[in-house]
S.K.: 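Dropping the structure in here first, questions after.
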Number of protein chains: 2
Amino acid sequence: MTNKLNLNNLTKSEEDYLKALFQLLVEDNSVKVGNNQLAEYLKVSPASTNNMIKKLKTKNYVVSEKYGKLELTDEGSAIAVRLIRKHRLWETFLYNYLNFSWDEVHEVAEQLEHIKSYKLIDELDRFMDFPEKDPHGELIPTSKGEYKVVPKITLSSLEEGAICQLISVNDGSVNFLRFVSEIGLALSSEIKVLEVREFDKSIRIQFNDSIETVTRKFADNVFVKVL
Amino acid sequence: MTNKLNLNNLTKSEEDYLKALFQLLVEDNSVKVGNNQLAEYLKVSPASTNNMIKKLKTKNYVVSEKYGKLELTDEGSAIAVRLIRKHRLWETFLYNYLNFSWDEVHEVAEQLEHIKSYKLIDELDRFMDFPEKDPHGELIPTSKGEYKVVPKITLSSLEEGAICQLISVNDGSVNFLRFVSEIGLALSSEIKVLEVREFDKSIRIQFNDSIETVTRKFADNVFVKVL
DNA sequence: TAAAAAAGTTAGCCATGACTAACAAATTAA
DNA sequence: TTAATTTGTTAGTCATGGCTAACTTTTTTA
Ligand SMILES: [Mn+2]
Ligand SMILES: [Mn+2]
Ligand SMILES: [Mn+2]
Ligand SMILES: [Mn+2]
C-alpha cells in the first residue's frame, strides 16, 4: 500500500507556493524561474520565498542549487496539478451553478482549492459531468493527474491581418476580466488583427461587429488559436 | 453605511472559538460555560482558550470577568450563527448532491464553513432551494441570521413507555453516526422506550421492527420529539 | 574587466496560535 | 472552616509564515 491516499498535510501557504511555481515553470513556460520572480508573482518578499523554498526542498517538492533556478520534483508537480484541478473545478461550479460571473470566480476558488477531501472534488467533478474547461477556457486536469499543457499564443504575438479565435484568458485580474466582457469579447470570439502600432504595441482588433484598440498589456492576457 | 458587509476578517481559529462557545452556550443551553470547558470542547489546552478569549474580548465578541463565565456579545453570536448556517448548508449540499454519507459530511463542512464569500453561501442556499434542515436534522439559520434554537430532548431523558420521533442527532462523531445508521435508525424514525436500566442507564428501545439496547452515552446524542 | 545593478541569502524581528509548567482563585468536601 | 480539588491565569517556549535591513553572489553594462 503506497501513500497514494495520504491526505497531503501541506499548509495553505505551501500549496500556494507549489502552485505558483508550477504556473511560472509550466504555464508560462519559462527558461528559468528565480527566487525574486516567485516572490513578485506571489506578492511577498524575496526573504519569504527563500525561506519557503528551503522548506519545500527538505520535503522533496522542490529542487534547486544555491543561487540557481527553481524546479519542481514530480511529487511537487503532482500537488500543483491537483490544486489547479480543484481551482478550475470550483470556478466551473461557481460559474455554472451559482450565478457567479467571470470575474468573481477566481477569488473564491483561490480559497476553495485548499479544502482537503479527495471525495469532495471527485464528486464535484462527477456532479458537473466531468467538464473539460473552466469558465476562462483553461483545461481542467483529470482525477488521474493528466494535464495537457497547451502552449499559449497571446493575442499580442500576432501580426497584422491575422485571424484567430479566443481560447482562454488570464483569470488573475478582476478588472481585466470585466473589461473583456464589457467590450463584448468572450470565449470562442473570432478576432481579426487590423493594425499593430509599433511605437506602443497597441493593437486594433475587430470582432463581432466591434472594432477596439487594446493595449499590449491587455493583448498579453488574451490567449488565442490562429485560424 | 454601516459595516454590515465587512467581509469579517476573523481567522479560522477565531471563528471556530466563537462557534464552539455559541454551541456550548446556546445549543447545550448551559448555565455557565467556563474556560476549561471550552478548552475541552475544542480539544486544546486551557492556556490556549484563555489566550484566545482575551483576544476575542478586545474585539468585543466575548464578554467575561476574570474567573467568571464566558458570554458572547450580539456581534459574537451573529458570527457564530453565520458559521453554523454555512456549516449546515455545506453538509446539506454534500449529502444531497455529492453522494456523501451521514458520517462523512461534518469533517469537510468543518473546513468549508470558513470560506469567505457571502455570495457563495447565499447562492448555494438558493441552488438547493432554501433547505430547512441539514442531514442530521438540525435547523439551518437563514441569510438574515434568523435561528430558532429548539430545546433539545435527548432520548436518554425519556421514561419507560415513552414514544418519540427521532428529530436530530449529534454530528460530531463519525463512529456514532455510522452506528446509528447500522442499527437502522434514521431521521423521523419512531422509537419506543421499552426499558430503562437503573444501574447503568442503558435503555432498551424498539423501532421499525428492531429492538436494541443502547448505552446512556448513545442516547445522549439522539434528540427526539415526544409523541 | 571592473563597476554597477540585479538577484539571492541571511539575520533578526513580529503576529498567530499552539503547548507545558507553575501559580492563583474559587469551589467542594471533609 | 480548613483542606483538597477543580478551575482559571500567567509566563515562557515553539512552529509557521510574514517582514526589513544588511550582506553576498551573479549578471550585466560601461
Ligand atoms: Mn482562477
Ligand atoms: Mn490559493
Ligand atoms: Mn456538522
Ligand atoms: Mn471549522
Side-chain angles (χ1 to χ4, degrees), chain A residues 7-21 24-25 28 30-72 76 79-80 83 110-111 113-114 116, chain B residues 7-21 24-25 28 30-72 76 79-80 83 110-111 113-114 116:
Chain A
L7 238 289
N8 62 67
N9 276 332
L10 300 182
T11 64
K12 180 183 183 304
S13 285
E14 290 171 327
E15 289 187 338
D16 279 335
Y17 275 88
L18 289 175
K19 188 176 69 142
L21 190 47
L24 289 173
L25 283 168
D28 294 0
S30 308
V31 180
K32 184 206 164 178
V33 174
N35 183 70
N36 289 14
Q37 194 185 345
L38 181 61
E40 194 188 11
Y41 186 82
L42 283 167
K43 296 182 173 46
V44 297
S45 70
S48 297
T49 44
N50 194 278
N51 209 47
M52 179 60 92
I53 288 297
K54 253 183 215 162
K55 205 211 313 185
L56 295 173
K57 282 167 76 171
T58 73
K59 294 195 176 187
N60 288 309
Y61 298 134
V62 169
V63 180
S64 77
E65 282 165 29
K66 222 180 181 185
Y67 296 100
K69 62 185 176 188
L70 304 173
E71 290 179 293
L72 283 165
I79 291 167
L83 276 166
E110 202 58 47
Q111 300 177 60
E113 71 191 3
H114 300 288
K116 286 177 171 39
Chain B
L7 238 288
N8 63 65
N9 276 331
L10 300 182
T11 64
K12 179 184 182 304
S13 285
E14 290 171 327
E15 289 186 337
D16 279 334
Y17 275 88
L18 290 174
K19 189 176 70 141
L21 191 46
L24 288 173
L25 283 167
D28 293 359
S30 307
V31 180
K32 184 205 165 179
V33 174
N35 183 68
N36 289 14
Q37 192 184 347
L38 182 60
E40 193 189 11
Y41 186 81
L42 283 167
K43 295 180 174 44
V44 295
S45 70
S48 297
T49 44
N50 194 278
N51 209 47
M52 180 59 92
I53 288 298
K54 252 182 213 161
K55 206 210 314 184
L56 294 173
K57 283 167 76 172
T58 73
K59 293 194 176 186
N60 288 309
Y61 298 133
V62 170
V63 181
S64 78
E65 281 165 29
K66 222 179 181 186
Y67 295 99
K69 62 185 174 187
L70 304 173
E71 290 179 295
L72 283 166
I79 291 167
L83 276 167
E110 203 57 47
Q111 300 177 58
E113 71 190 2
H114 300 289
K116 287 177 170 41

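Just so it is clear, the structure is predicted and the values come from calculations on it, not from any experiment. In what follows, every chain begins at residue 1, and chains take the letters A, B, ... in the order their sequences are listed.
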S.K.: Between dT16(D) atom P and Leu10(A) atom CG, what is the distance in whole Å?
M.R.: 12 Å

S.K.: Residues two or more places apart in sequence or in another chain: which of them pass salt bridge (Lys or Arg N to Asp or Glu O under 4.0 Å) with Lys12(A)?
M.R.: Asp16(A)

S.K.: Does dG18(D) have OP1 or OP2 under 4.0 Å away from a side-chain N or O of Ser45(A)?
M.R.: no

S.K.: Whole angstrom is fine here: how far is it from NZ in Lys59(B) over to P in dA15(C)?
M.R.: 13 Å

S.K.: Does any non-hydrogen side-chain atom of Val62(A) lie less than 4.5 Å from one of Leu72(A)?
M.R.: yes

S.K.: Which atoms form the tightest heavy-atom contact between Glu113(B) and Leu83(B), and what is the distance?
M.R.: O-CD2, 3.4 Å

S.K.: How many Å lie between CG on Asn9(A) and C1' on dT16(D), as a whole number?
M.R.: 15 Å

S.K.: Residues in salt bridge (Lys or Arg N to Asp or Glu O under 4.0 Å) with Lys32(B), at least two apart?
M.R.: none

S.K.: Check Leu25(A) against Leu70(A) and note the closest heavy-atom contact, atom names and distance.
M.R.: CD2-O, 3.5 Å

S.K.: Name all residues meeting the salt bridge (Lys or Arg N to Asp or Glu O under 4.0 Å) criterion together with Lys55(A); count only those two or more places apart in sequence or in a different chain, and write none if there are none.
M.R.: Glu14(A)

S.K.: Do Lys116(B) side-chain atoms and Leu10(B) backbone N/O form a donor-acceptor pair below 3.5 Å?
M.R.: yes

S.K.: Restricting to side-chain contact (heavy atoms from CB on, under 4.5 Å), what partner residues turn up for Leu24(A), sequence neighbours left out?
M.R.: Asp28(A), Val33(A), Gln37(A), Leu38(A), Tyr41(A)

S.K.: For DNA chain C, which residues in residues 11-20 of chain B have a heavy atom at a distance below 4.0 Å?
M.R.: Thr11(B), Ser13(B), Tyr17(B)

S.K.: Strictly under 3.5 Å: I want the nitrogen or oxygen pairs between protein and nucleotides 4-11 of chain D, one per line.
M.R.:
residue: dG8(D); atom: OP1; partner: Lys32(B); partner atom: NZ; Å: 3.4
residue: dG8(D); atom: OP1; partner: Asn35(B); partner atom: N; Å: 3.3
residue: dG8(D); atom: OP2; partner: Asn35(B); partner atom: N; Å: 3.1
residue: dG8(D); atom: OP2; partner: Asn36(B); partner atom: N; Å: 2.7
residue: dG8(D); atom: OP2; partner: Asn36(B); partner atom: OD1; Å: 3.4
residue: dT9(D); atom: OP1; partner: Tyr67(B); partner atom: N; Å: 3.0
residue: dT9(D); atom: OP2; partner: Asn50(B); partner atom: ND2; Å: 2.4
residue: dT9(D); atom: O5'; partner: Asn50(B); partner atom: ND2; Å: 3.0
residue: dT10(D); atom: OP1; partner: Lys66(B); partner atom: NZ; Å: 3.0
residue: dT10(D); atom: OP2; partner: Lys54(B); partner atom: NZ; Å: 2.9

